[in-house]
Q: 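To start, I am sharing the structure in question, which I have written as structure tokens.
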Amino acid sequence: MGKPKNITVEITGMSCASCAQRIESAIGKTEGVSESIVNFATRKATVTGSVTTKEIHKIIEGLGYNVLKEDVPSISEEEIAQTEWKKFLTSAILSVPVFVISMFMLHFKFSDLCQFILTTAVIFWPGIGFFKNALKQVRHWSLGMDSLIALGSGTAYVYSVVVLLQGGSGLYFESASIIITLILLGRFFESKAKGKAGEAIRKLMDLQPKSARVVRDGTTIEVPVTEVEVGELIIIRPGEKIPVDGVITEGSTSIDESMLTGESMPAKKVEDDKVFGGTVNTTGLIYMKAENIGADTVLAHIAKLVADAQGSRAPVQRLADRVSGVFVQIVISLALLTLCIWLLTGKPFNEAIIPAVAVLVIACPCALGLATPTAVMVGTGRAAGLGILIKDATSLELAHKINTLVLDKTGTITEGKPKVTDLFDKKSSEIETTETDNEKIKDLLHIMGSCEQHSEHPIGKAIVNYVKGQSIDISEVKEFKTVTGMGIWASFNWSTVLIGSERLMEENKIDVSELKQRAEEIKSEGKTVAFMAIDNEIKAVIGIGDVVRETSEDAIQRISDMGVEIVMLTGDNEIVAEAIGKEMHIKSVHANLKPSDKCDEIKKLQQNGKVVGMIGDGINDAPALATADVSFAIGTATEIAMEAANITLVKGDITKAWEALRLSRQTMKIIKQNLFWAFGYNVIAIPFAALGLLNPMIAAGAMAFSSVSVVTNSLRLRKFKIK
């Protein structure tokens with residue numbers, strides 16, 4: 001037996017959820033298959049196991065359905081809708097005269113023969129597909145929706161033909177023709193709606209330009225994007241889309257990355273910054289080196305992730321699937337029972353057959369099969385548009401149950417990058433950014449940045465970034481060395497400069513008493529303190545901290561307002577953790593935790609009946625993310641953390657978690673509405689039909705539009721807005 005793998009095939013010929021269930025059951029019973037999912041909405045089967053693609057094709061075709069081979073283009077819902085529309089128009093043109101003759105009881109020479117000819121044309125022209133599929137289904141003992149339609153319209157047609165040949169009256173040709181016409185109209189609307197439900201992936205792939213302007217042998221040429229090679233130099237003009245992933249080698253610009261992050265504000269990009277295929281260069285001319293092409297681009301990964309999520313199954317669908325699996329057999333039994341009861345009550349056959357036919361055509365397993373997958377398709381597609389990537393339908397469903405959200409601190413609540421937050425001179429006066437025009441202060445910052453420029457320590461880099469951020473140039477130093485664990489020593493313009501811890505100052509007998517109080521205040525806020533001395537004289541104290549994201553406090557408050565408890569787990573010390581917790585109004589804070597400790601804390605919450613969500617970004621968060629019921633990795637996450645997560649927040653912002661929770665709750669609300677309507681429709685409609693209270697034509701119309709209503713309700717998620 002080979003190594004387990006995933007196989008995805010596209011199926012044609014499925015007419016309802018019962019078909020999907022039958023195929024799924026047959027594949028699932030095959031040796032070597034560990035999981036089988038057949039999605040009626042996407043018309044795809046996803047199989048996990050050691051079986052071959054050829055074996056899967058054989059099983060599906062053995063049930064009377066067809067499989068699109070890999071070299072055959074996929075059939076879009078738009079193409080299906082166009083075909084259904086042509087069939088409907090043909091059927092309607094042929095059926096309207098039959099309906100008019102019957103309903104208005106127009107009797108003229110050959111009027112009955114006219115109804116027969118027109119209805120026969122409907123049956124054997126636009127409606128022949130129902131009967132062909134029904135014949136296949138009967139041959140393979142695999143009854144589906146087409147069997148019900150063929151049985152219902154066929155019974156009305158055959159009965160009418162027999163009566164016509166006997167010279168009798170009471171023909172039902174109009175029922176046979178109108179049933180097919182209305183079903184075709186319903187399938188047209190259903191295909192149109194399903195096309196809109198699945199348009200998220202098409203929109204994503206349409207973002208990639210068809211060509212790229214590359215430099216080859218010193219000449220700029222335009223080539224198809226499929227021919228771009230890794231390492232090639234690409235020129236992007238203002239207003240053009242970036243064809244592949246890469247890094248800017250020359251120029252600066254602003255990039256519209258809304259397709260990735262859901263944010264409309266362009267991001268500034270300079271040399272060495274990464275850019276991604278499908279995003280838009282808005283202002284400057286840039287040169288970039290191609291790094292990821294084809295299926296390796298971020299855009300392609302997102303499209304695949306969305307496609308996988310749309311093809312997955314939510315747990316809430318299980319009951320509907322079980323019902324769909326036996327639905328057709330139950331309906332046929334009810335139709336026969338209805339016929340028998342009416343005959344036993346003394347009704348003639350021509351009256352008893354009408355409610356039996358109505359039962360056949362009013363029943364609709366399609367709505368049951370579409371209730372969940374269409375909502376999942378639209379919900380995951382809308383999420384991708386907001387910069388939220390959902391791995392599967394289970395994650396989308398479970399997210400709405402989260403009542404406790406665990407947050408990592410570094411890189412989640414905070415930006416994850418040390419920054420200079422406080423700066424005081426020896427007079428204990430705070431140095432503000434607005435004061436950098438003061439020459440003495442500028443000199444101090446100039447020395448500070450120049451001496452730290454060779455430091456590899458995060459604190460040194462934070463100081464250099466701060467100085468550069470004040471538009472102050474830095475110079476080269478004569479000598480530089482790192483004092484392990486304490487700071488740096490440098491020679492600048494014949495002066496000796498020390499920047500580092502209080503211990504470094506003490507060992508060099510430098511008095512820090514003038515800035516001692518300021519240093520203690522900085523420490524009390526959970527920040528790191530560094531002193532600066534020039535020629536053994538203290539000059540300044542610097543506070544370095546991990547800055548809280550601007551959006552964190554508001555996002556945490558919004559999530560709390562949803563009734564979700566917030567817990568912070570961090571490996572940082574208690575002083576820092578408590579300071580951040582207090583600032584963010586988080587009551588439950590746990591510090592000094594190792595990765596395994598975070599897992600233990602999450603397990604404790606789960607043991608207390610909590611449904612736990614976890615947001616993290618680092619490699620050390622991966623075990624905790626895997627332990628949580630639903631895990632969120634922010635967009636700055638390492639690949640390991642993102643792999644462990646159920647939901648990825650592309651922007652790297654807790655606000656996106658709030659949006660994901662709201663979208664999950666709205667999607668589940670839509671799914672429950674769909675299932676209520678789908679079950680309720682059949683529970684109410686079938687008894688009405690059996691009691692003779694529904695004409696078969698009305699029943700056909702109601703059945704056709706029951707599926708449309710479910711898909712249309714799901715489409716409301718496309719307009720889901722963040723408030």
Q: Walk me through whether Ser709 and Tyr681 qualify under side chain to side chain donor-acceptor pair (under 3.5 Å).
A: CA-CA 11 Å; Ser709 65; Tyr681 163 83; over 6 Å; no
Q: Suppose we call two aromatic rings close when their centres sit under 6.0 Å apart. Are Phe131 and Phe124 close by that rule?
A: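 No, ring centres 6.0 Å or more apart.
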Q: Closer than 3.5 angstrom, by distance alone: can the side chain of Asn403 be matched with the main-chain N or O of Val611 as a donor-acceptor pair?
A: yes
Q: Strictly distance-based, threshold 3.5 Å: is any side-chain N or O of Ser25 a donor or acceptor partner for the main-chain N or O of Gln21?
A: no
Q: Between Ser395 and Asp392, which heavy-atom pair has the shortest distance, and what is it?
A: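 That would be OG-OD1, 2.7 Å.
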Q: How close do Ala134 and Ser147 get, counting heavy atoms only, and between which atoms?
A: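 In this case the closest contact between Ala134 and Ser147 is CB-CA, 3.8 Å.
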Q: Between atom OH of Tyr159 and atom CG of Leu164, what is the distance when rounded to the nearest 0.5 Å?
A: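 Here the interatomic distance stands at 12.0 Å.
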Q: Would you call Arg187-Glu84 a salt bridge at under 4.0 Å N-O?
A: no
Q: Looking only at heavy atoms, which two atoms of Ala689 and Ile362 are closest? And how far apart?
A: CB-CG2, 3.9 Å
Q: I would like to know whether Ser34 and Thr48 meet side chain to side chain donor-acceptor pair (under 3.5 Å); could you show each step before the answer?
A: CA-CA 6 Å; Ser34 57; Thr48 303; 5.0 Å; no
Q: Kindly compute the distance separating NZ (Lys44) from CE (Met14), expressed to the nearest 0.5 Å.
A: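 Separation between the atoms: 11.0 Å.
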Q: Does Lys656 pair with Glu659 as a salt bridge, N-O distance under 4.0 Å?
A: yes
Q: Are Tyr157 and Ser175 close enough that a side-chain donor and a side-chain acceptor fall under 3.5 Å?
A: no
Q: Between Ile80 and Ser191, which heavy-atom pair has the shortest distance, and what is it?
A: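 Shortest heavy-atom separation between Ile80 and Ser191 comes out as CG2-OG, 3.4 Å.
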Q: Can you name the one residue among Leu343, Leu344, Thr345 that meets side chain to side chain contact (heavy atoms under 4.5 Å, CB included) with Lys347?
A: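 That would be Thr345; it is the only one of Leu343, Leu344, Thr345 passing the side chain to side chain contact (heavy atoms under 4.5 Å, CB included) with Lys347.
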Q: Under a 4.5 Å cut-off applied to non-hydrogen side-chain atoms, are Trp342 and Ile353 in contact?
A: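 SC-SC contact between Trp342 and Ile353 ruled out.
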Q: Heavy-atom count around Phe99 CZ within 6.0 Å, excluding the residue itself: above 12?
A: no
Q: If we only count heavy atoms from C-beta on, is the Ile101 to Cys114 side-chain gap below 4.5 Å?
A: yes
Q: So, Ser664 side chain and Ala660 main chain: donor-acceptor pair closer than 3.5 Å or not?
A: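 No, because the side chain of Ser664 does not come within donor-acceptor range (under 3.5 Å) of the backbone of Ala660.
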Q: Phe173 and side chain to side chain contact (heavy atoms under 4.5 Å, CB included): which partner among Val161, Leu118, Ile178?
A: Val161
Q: For the CG atom of Leu135 and the CZ atom of Phe130, what is their distance to the nearest 0.5 Å?
A: 15.5 Å
Q: How close do Val331 and Ala363 get, counting heavy atoms only, and between which atoms?
A: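 Looking at all heavy atoms of both residues, the closest pair is CG2-CB, 3.4 Å.
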Q: Determine whether Phe40 and Leu370 satisfy the following criterion, side chain to side chain contact (heavy atoms under 4.5 Å, CB included), listing intermediate values before the conclusion.
A: CA-CA 7 Å; Phe40 174 53; Leu370 292 169; 3.7 Å; yes
Q: Could you walk me through whether Arg716 and Gln673 pass the side chain to side chain donor-acceptor pair (under 3.5 Å) test, one step at a time?
A: CA-CA 12 Å; Arg716 293 197 295 127; Gln673 290 172 352; 3.0 Å; yes
Q: Does any part of the side chain of Ile7, heavy atoms only, come nearer than 4.5 Å to the side chain of Thr46, both counted from C-beta?
A: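 Sidechains of Ile7 and Thr46: no contact.
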Q: Give a yes or no on this: more than 12 heavy atoms of other residues, nucleotides or ligands lie within 6.0 Å of atom CZ of Phe679.
A: yes
Q: Please round to the nearest 0.5 Å and tell me the distance separating atom CZ of Phe188 and atom CH2 of Trp85.
A: 5.5 Å
Q: Do Asn674 and Thr372 come within less than 4.5 Å of each other through their side chains, counting heavy atoms only?
A: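 No, side chains not in contact.
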Q: Tell me whether Ser102 contacts the main-chain N or O of Val98 through its side chain, where contact means a donor paired with an acceptor under 3.5 Å.
A: no
Q: The test is side chain to side chain contact (heavy atoms under 4.5 Å, CB included); show your working for Trp677 and Ser706 and say whether it passes.
A: CA-CA 8 Å; Trp677 164 249; Ser706 64; 4.2 Å; yes
Q: Which heavy-atom pair separates Ser91 from Thr181 by the least distance, and what is that distance?
A: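 Distance-wise, the nearest heavy atoms are OG-OG1, 2.6 Å.
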Q: For Ile60 and Ile27: C-alpha separation, side-chain torsions, deciding distance, then whether side chain to side chain contact (heavy atoms under 4.5 Å, CB included) applies.
A: CA-CA 8 Å; Ile60 295 171; Ile27 295 175; 4.1 Å; yes
Q: Rounded to the nearest 0.5 Å, how far apart are OG1 of Thr380 and CG of Leu396?
A: 7.0 Å
Q: Quick check against the 3.5 Å criterion: does Arg43 have a side-chain atom that pairs as donor or acceptor with the backbone of Thr12?
A: no
Q: Does some side-chain heavy atom of Ile179 sit less than 4.5 Å from a side-chain heavy atom of Pro696?
A: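 Yes - at least one pair of side-chain heavy atoms lies under 4.5 Å apart.
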Q: Find the distance between CG (Leu398) and CG (Asn646) and round it off to the nearest 0.5 Å.
A: 8.0 Å
Q: Is any side-chain heavy atom of Thr52 less than 4.5 Å from a side-chain heavy atom of Ile56?
A: no
Q: Side-chain contact, heavy-atom cut-off 4.5 Å: Thr648 with Phe632?
A: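 When only atoms from C-beta onward are counted, Phe632 and Thr648 do not touch, as no gap falls below 4.5 Å.
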Q: Strictly distance-based, threshold 3.5 Å: is any side-chain N or O of Glu397 a donor or acceptor partner for the main-chain N or O of Val316?
A: yes
Q: Might you work through the side chain to side chain contact (heavy atoms under 4.5 Å, CB included) test for Asn66 and Lys136, ending with a clear yes or no?
A: CA-CA 11 Å; Asn66 298 314; Lys136 283 183 182 179; 3.9 Å; yes
Q: For residues Pro373 and Thr42, determine if any side-chain heavy atom of one lies less than 4.5 Å from a side-chain heavy atom of the other.
A: no
